[in-house]
Amino acid sequence: MTTNTQIADVLDEIGDLLEFQGTNAFRIRAYRNGARAIRELPEPISAMAERGDDLTKLAGIGKSVAEKCHELIDTGELKQLVELRKQVPHSVLDLLRVPGMGPKKAAMLFNELKIKDLDELKEACEQGRVRALKGFGEKTEQQILAGIEVAAAANTRMLWADADDVARSLLAHLKAVKSIQRMELAGSYRRGKETVGDLDILVVADDHQPVMDRFGAYEDLATVIGRGETKMSIRLKNGFQVDLRVVPAESFGAALQYFTGSKEHNVVLRGRARQQGLKINEYGIFDVSSGKEVYLGGAEERDIYDQLKLPLFPPEMRENRREFEWAEQGELPRLIELGDIRGDLHMHTTATDGKASLREMIEAARSRGLQYIAITDHSQRVSMARGLDPQRLRDQWAEIDDLNEELDGKFLVLKGIECDILEKGGMDLPDDVLEEADWVLASVHYGQQQSRKQITERILGAVENPHVDCIAHPTGRLVNRREPYEVDLDSVLHAAKEHGKWMELNASPERLDLHDVNCAAAQNLGIPIVISTDAHSVLGLDQMRYGVLQARRGGLRKEDVANTRTAKDFLKLLRSRN
DNA sequence: GCCGTTTTCGGCCCGACTGTTTTCAGTCG
């Protein structure tokens, strides 16, 4: 079994190694595009190959990459990669993590000084051997030395939620500058990616200098990486890089579009502009058909898309996945919004590992404008969290019955449970207990290291249990920290479809599980998705916005998400399962 | 290496900043 991720990783590695060898940049891009296409496929490419599908029909995959996919699927390895690895030691790829170090410089270091890893690079810099190379100097050597520390310390991206905190703090800091007329964050932060590599701030101001001075006086600043006429970059104490650009008012929209990206989206946009005799850059959109540049617009982001007769794509959609196809068919989905959410179907209380009582969670949910929630504490297997046995669970449910009576239809509390899927298979609570629940989440917490076959069979068992409603955090991944367990999600989704089961998109910023690509796969199959906070406290209920952002990246609409329905319609849909 | 209602060959996004190279290459986003 060769998964999409494994194949994509191989293609990316080939891209890295070829880049190092100075291969034609477009050939390298072709490998990267192929890797991306496969990574984002809604179904396993191995299944497509087995069916005899023509893989070259997939956008970004031609004859060569298709052959390599077949070789990987059939033999589990790729001769080309084995060869490349002989030529370039794997550790030299670490050199590229040093800021300012690209493939050309790294290759020079490897070829001239036989430097194979970061340790050898450090030693060579300290001995002054690097500055002797053509194109290198003393300053470059110092930068490399500083950069090695950065490469070692800060090579992980920040969770979106954490980047959001930094972003808000920076904006508040900059707002003190009176001459700032407009200010906006761009980049992957604006696109709502689950992790953010750096922040891009765009500003319109009468005078550049006070803005840059203020930027350089930010309290968490560690170093100023660079400062030019229009652009300034800093690194924060936590290693995070922030770029600031000051742009003229007539270019603000163009710059916002440009720096929001993604790169892939912009490549397509620029290609289209070129075909129409237009040119886009961060200053605007220009008619170049006469040989001169005639400014057509750029003050607003809309100006760019209007000129190309394209809709103003929501930033979360700008990944060159399907947005251009949708636009051509006039079928751009209306993405779900936070305000569409009416219920929250996964949360914990002090009965297990939550911080707030049942009553406090209900009050907090009501004050956030929700109409219904499900209380889903852990089941007995999760002993660390004092998981509920049948008796304690039934006691909680009796309490919920009383509270519902007290609420008199103004708010609905569902009697739920997050029931563990046991290591040996089967559910952690007997069927007669689960049968009494309004809402049963099934989830894996233990035995995450099991084989693909074991884990998949466990989850399939839960999907087939008639009392289970929804699979919670279906892949178990933790953003930046833990890979998904080895589940065959494609099989799980097909089984869920067959048995009328739903899938959770867990909104907790460190989970965001399902992943955006998996959301699209579930949507394709018509499986209702539930966005839930998995709140362990009152404030945890506010995590819903992270889940909605992820859902938007997955292309989900209001109608794809079950808990956008009113309490009455939600129950109706729930009871009509199967 | 991929792609095609301008093309099966000849393109493939575009500009700022830095350092070192005196006219530009490399890196980055």
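Chain letters run A, B, ... following the sequence lines, proteins first, then strands; residues in each count from 1. The figures that follow rest on heavy atoms only: side chains count, while hydrogens, waters and symmetry mates do not.
- If you take atom C1' in dC12(B) and the same atom in dT6(B), they sit 16 Å apart, rounded to whole Å.
- Side-chain nitrogen and oxygen atoms of Arg29(A) include at least one within less than 4.0 Å of the OP1 or OP2 phosphate oxygen of dC13(B).
- One atom, CZ of Arg272(A), and another, C1' of dC14(B), lie 19 Å apart when rounded to the nearest Å.
- Considering only side-chain N and O atoms, Thr56(A) lies nowhere under 4.0 angstrom from the phosphate OP1 or OP2 of dC2(B).
- A gap of 22 Å separates the P atoms of dC17(B) and dC13(B), to the nearest Å.
- To the nearest 0.5 Å, the span separating CG on Leu113(A) from CG on Leu133(A) amounts to 4.5 Å.
- Rounding to whole angstrom units, CD of residue Glu264(A) and P of dC12(B) are separated by 18 Å.
- Among the protein residues, Tyr283(A) comes within range of the sugar-phosphate backbone only, with heavy atoms under 4.0 Å from sugar or phosphate atoms but none that close to a base.
- The Gln241(A) side chain lies nearest to dG29(B) when the options are dC17(B), dT27(B), dG29(B).
- Look at the C1' atom in both dT20(B) and dC14(B): the space between them is 24 Å, to the nearest Å.
- Remark: Arg274(A) is not in phosphate contact with dG11(B), judged by side-chain N or O atoms under 4.0 Å from OP1 or OP2.
- Note on Asp213(A) versus Arg227(A): salt bridge recorded, some NZ/NE/NH1/NH2 to OD/OE distance being below 4.0 Å.
- Of the side-chain N and O atoms in Arg270(A), none sit less than 4.0 angstrom from OP1 or OP2 of dC13(B).
- Nucleic acid contact for Ala273(A): none, since no nucleic acid atom lies under 4.0 Å from a heavy atom of the residue.
- Here the side chain of Glu282(A) is nearest to one of dC2(B), dG15(B), dG26(B), namely dG15(B).
- A salt bridge does not link Asp54(A) with Lys63(A): every distance from a Lys NZ or Arg NE/NH1/NH2 to an Asp or Glu carboxylate oxygen is 4.0 Å or more.
- In terms of position along DNA chain B, the nucleotide closest to Lys139(A) lies nearer the 5' end than the nucleotide closest to the other residue of the pair Lys139(A) and Gly100(A).
- Among the heavy atoms of the strands lying under 4.0 Å from Ile280(A) are primed sugar atoms or P, OP1, OP2 only; no base atom is included.
- For Lys134(A) and dG26(B), the NZ to C1' distance is 12 Å, given to the nearest whole Å.
- Side chain of Glu229(A), nearest nucleotide from dC12(B), dC17(B), dT20(B): dC17(B).
- Closest to the side chain of Lys104(A), out of dT6(B), dC13(B), dT27(B), is dT27(B).
- To the nearest 0.5 Å, the span separating OG on Ser188(A) from CD on Glu194(A) amounts to 10.5 Å.
- In this structure, the ring of Tyr283(A) has its center no less than 6.0 angstrom from the ring center of Tyr258(A).
- Rounding to whole angstrom units, CE of residue Met212(A) and C1' of dA16(B) are separated by 11 Å.
- Taking atom C1' on both dT5(B) and dG1(B), the two are 24 Å apart, rounded to the nearest angstrom.
- Among the atoms of the strands shown, only primed sugar atoms or phosphate atoms (P, OP1, OP2) are found under 4.0 Å from some heavy atom of Gln143(A).
- Asn33(A) comes within 4.0 angstrom of no nucleic acid atom, judged by non-hydrogen atoms across all strands.
- Listed nucleotides dG29(B), dT27(B), dG1(B) differ in distance to Asp200(A); the shortest reach to its side chain belongs to dG29(B).
- Put simply, the side chain of Tyr258(A) and the base of dG15(B) share no donor and acceptor less than 3.5 Å apart.
- Residue contacts for Ile61(A): at a heavy-atom cut-off of 4.0 Å it reaches the sugar-phosphate backbone alone, with no base atom in range.
- Leu256(A) places its CG atom 18 Å from the P atom of dG29(B), with the value rounded to the nearest Å.
- With a 3.5 Å ceiling on both atom-pair distances, the Watson-Crick or G-U wobble partner of dT18(B) is dA25(B).
- Rounded to a whole angstrom, the distance from the P atom of dG10(B) to that of dG15(B) is 25 Å.
- Under the 4.0 Å criterion applied to side-chain N and carboxylate O atoms, Glu77(A) and Arg85(A) are not assigned as salt-bridge partners.
- Distance from the side chain of Pro103(A) is smallest to dT27(B) among dG1(B), dT27(B), dA16(B).
- Between Ile225(A) atom CD1 and dT27(B) atom C1' there is a gap of 13 Å when expressed in whole angstrom units.
- Residue Gly34(A) is classed as having no contact, given no heavy-atom separation below 4.0 Å to the nucleic acid.
- Lys57(A) has its NZ atom 14 Å from the C1' atom of dC3(B), to the nearest Å.
- Anti is the glycosidic conformation of dT6(B), whose angle departs from 0 by more than 90°.
- A sub-4.0 Å separation between OP1 or OP2 of dG15(B) and a side-chain N or O of Lys279(A) is present.
- Using a 4.0 Å heavy-atom cutoff across all strands shown, Gly261(A) reaches no nucleic acid atom at all.
- Under 4.0 Å is where a charged nitrogen must lie from a carboxylate oxygen, and between Asp119(A) and Lys122(A) no such pair does.
- In this structure, Met158(A) and Asp162(A) approach most closely via the heavy-atom pair CG-CB, 3.6 Å.
- A distance of about 33 Å separates the C1' atoms of dA16(B) and dC9(B), rounded to the whole Å.
- Contacts of Val65(A) with the nucleic acid, taken as non-hydrogen atoms under 4.0 Å apart, involve only primed sugar atoms and P, OP1 or OP2.
- Contacts of Lys263(A) with the nucleic acid, taken as non-hydrogen atoms under 4.0 Å apart, include base atoms.
- Nucleotides dC28(B) and dT23(B) are separated by 25 Å at their P atoms, to the nearest Å.
- Here Thr230(A) lies in heavy-atom contact (under 4.0 Å) with sugar-phosphate atoms only.
- Within 4.0 Å of Arg227(A), counting heavy atoms only, lie sugar-phosphate atoms of the nucleic acid but no base atom.
- Nucleic acid contact class of Glu141(A) (heavy atoms, under 4.0 Å, all strands): none.
- One atom, CZ of Arg32(A), and another, C1' of dC3(B), lie 20 Å apart when rounded to the nearest Å.
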Working for side chain to side chain contact (heavy atoms under 4.5 Å, CB included), residues Asp220(A) and Phe240(A): CA-CA 10 Å; Asp220(A) 285 330; Phe240(A) 205 54; over 6 Å; no
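- Among the heavy atoms of the strands lying under 4.0 Å from Asn281(A) are primed sugar atoms or P, OP1, OP2 only; no base atom is included.
- Two residues, Asn266(A) and Met101(A), neighbour DNA chain B, and the one matched to the more 5' nucleotide by heavy-atom proximity is Asn266(A).
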